[in-house]
Protein chains: 2
Amino acid sequence: MGLTKTEMFTDVQNEIALFAKVFGHPARVAILEHLFKINTCVCGDLVSEIGLAQPTISQHLKELKQLGLIKGNVEGTSVCYCIHTENWTKMKEVMLKFLDQDLQNTSCC
Amino acid sequence: MGLTKTEMFTDVQNEIALFAKVFGHPARVAILEHLFKINTCVCGDLVSEIGLAQPTISQHLKELKQLGLIKGNVEGTSVCYCIHTENWTKMKEVMLKFLDQDLQNTSCC
DNA sequence: TTATTATATTGCAATATTACGATTAATGTT
DNA sequence: AACATTAATCGTAATATTGCAATATAATAA
């Protein structure tokens, strides 16, 4: 099928899955890390930085933008990308709540 | 293609992507949340709890086990699952380092 | 031994993802 | 206007994922 049955899960569970999914590809991880490292807008050099073809990078950027994790400002013929700080923080809260669950008992069979 | 080019990314980037990928499905998120909530081993009731068919749940459990995030102990005819605490902590460190990056400058175009 | 119960595996269909060549769209330059 | 530059979109091929019916496996119970 390849089709996720989202209707049987909570909104939060689906939200976590959506965020996680976008981090589920090393190219998108690399793009985000680069944007954090550069610490300002990146205009254009992502293709040479990452090493995949331009349409492929463009596609990954689209997914990151669709989830609101990055912003893209048109700057002449190029586009400048940077982290969408507010949304990143919101995402982080959701993901941390999930990751930071901890077991009180470690009573396993 | 559908084939991720892992060789052009760092080990850490690929590791983050692998962990994120397994969280990229709400059923697996739900399974993990249930294991945390129950706070002890779960023997069998995951199928009725989640609402997908038994082979589907079994497959999701397999992926979680392969990444080392859960343990499965055979207990008679059933299998008891629980969070693999040590590995969960290790995973958390990797993911937190990625998520907790922060921008010093917010100098965007 | 023959059920019964619980989980895993197999096989398959439907859909999603990844990657890239070719093309298009948009802007800037001469 | 004509050309160059940059990024997005389209189309497509290859592979991956999701889900489940059917079956297999393993342990216990009768």
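Here the structure is a predicted model, which is why all the values come from computation and not from measurement. Below, chain A is the first sequence line, B the second, and so on; all start at residue 1.
- Residues passing the salt bridge (charged side-chain N to carboxylate O under 4.0 Å, His left out) test with B:Glu49, sequence neighbours excluded: none.
- Every residue two or more places apart in sequence or in another chain that forms a ring pair (Phe, Tyr, Trp, His ring centres under 6.0 Å) with B:His60 is listed here: B:His25.
- Annotation: side chain of B:Leu67 is not in contact with side chain of B:Phe23 (no heavy-atom distance under 4.5 Å).
- The environment of B:Asp11 atom CG is sparse: at most 12 non-hydrogen atoms of other residues, nucleotides or ligands sit within 6.0 angstrom.
- Within residues 6-14 of chain A, no residue has a heavy atom under 4.0 Å from DNA chain C.
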Using atom names, set out every protein N or O paired with an N or O of nucleotides 9-11 of chain D below 3.5 Å, distance rounded to 0.1 Å.
none

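- The nucleotide range of DNA chain C contacted by chain A, defined by atoms under 4.0 angstrom from heavy atoms of the protein and reported 5' to 3', is C:dA13 to C:dG28.
- In this structure, the separation between CD on A:Glu33 and CZ on B:Phe98 is 6.0 Å, given to the nearest 0.5 Å.
- In terms of the side chain to side chain donor-acceptor pair (under 3.5 Å) criterion, residue partners of A:Glu86 (sequence neighbours excluded) are, by chain and number, A:His84.
- Between B:Met91 and B:Val94 the shortest side-chain heavy-atom distance does not fall below 4.5 Å.
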For nucleotides 25-30 of chain D, which of its nitrogen or oxygen atoms have a protein nitrogen or oxygen under 3.5 Å away, and what is each distance?
none

Could you walk me through whether A:Lys97 and A:Ile16 satisfy the side chain to side chain contact (heavy atoms under 4.5 Å, CB included) test, starting with their C-alpha distance in whole Å, then the side-chain angles of each, then the deciding distance to 0.1 Å, before giving a yes or no? CA-CA 10 Å; A:Lys97 201 170 284 178; A:Ile16 291 169; over 6 Å; no
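- The nearest heavy atom of DNA chain D to A:Ser78 and to B:Leu52 marks one nucleotide each, and the one closer to the 5' end goes with A:Ser78.
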Are any protein N/O atoms closer than 3.5 Å to N/O atoms in nucleotides 12-15 of chain D? If there are, list each pair with its distance.
from, atom 1, to, atom 2, distance (Å)
D:dA13, N1, B:Met1, N, 3.0
D:dA13, N3, B:Met1, N, 2.9
D:dA14, N3, B:Met1, N, 2.5
D:dA14, N3, B:Met1, O, 2.5
D:dA14, N3, B:Gly2, N, 3.2
D:dT15, O4', B:Met1, O, 2.3

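- Applying a 4.0 Å cut-off to non-hydrogen atoms, none of the residues of residues 24-33 of chain A approaches DNA chain D.
- For the side chain to side chain contact (heavy atoms under 4.5 Å, CB included) test, residues two or more places apart in sequence or in another chain that qualify with B:Leu61 are B:Ile31, B:Leu46, B:Ile57, B:Ile70, B:Tyr81.
- Sorted pairs that involve residues 38-57 of chain A and meet ring pair (Phe, Tyr, Trp, His ring centres under 6.0 Å), not counting sequence neighbours, are lacking altogether.
- Rotation axes derived from the C1' atoms of the five outermost pairs at either end of the helix from C:dT1-D:dA30 to C:dT30-D:dA1 lie 10° apart, to the nearest 10°.
- Grouping the Ile, Leu, Val, Met, Phe, Trp and Tyr side chains by contacts below 4.5 angstrom, directly or via other members, places A:Val12 with A:Leu99.
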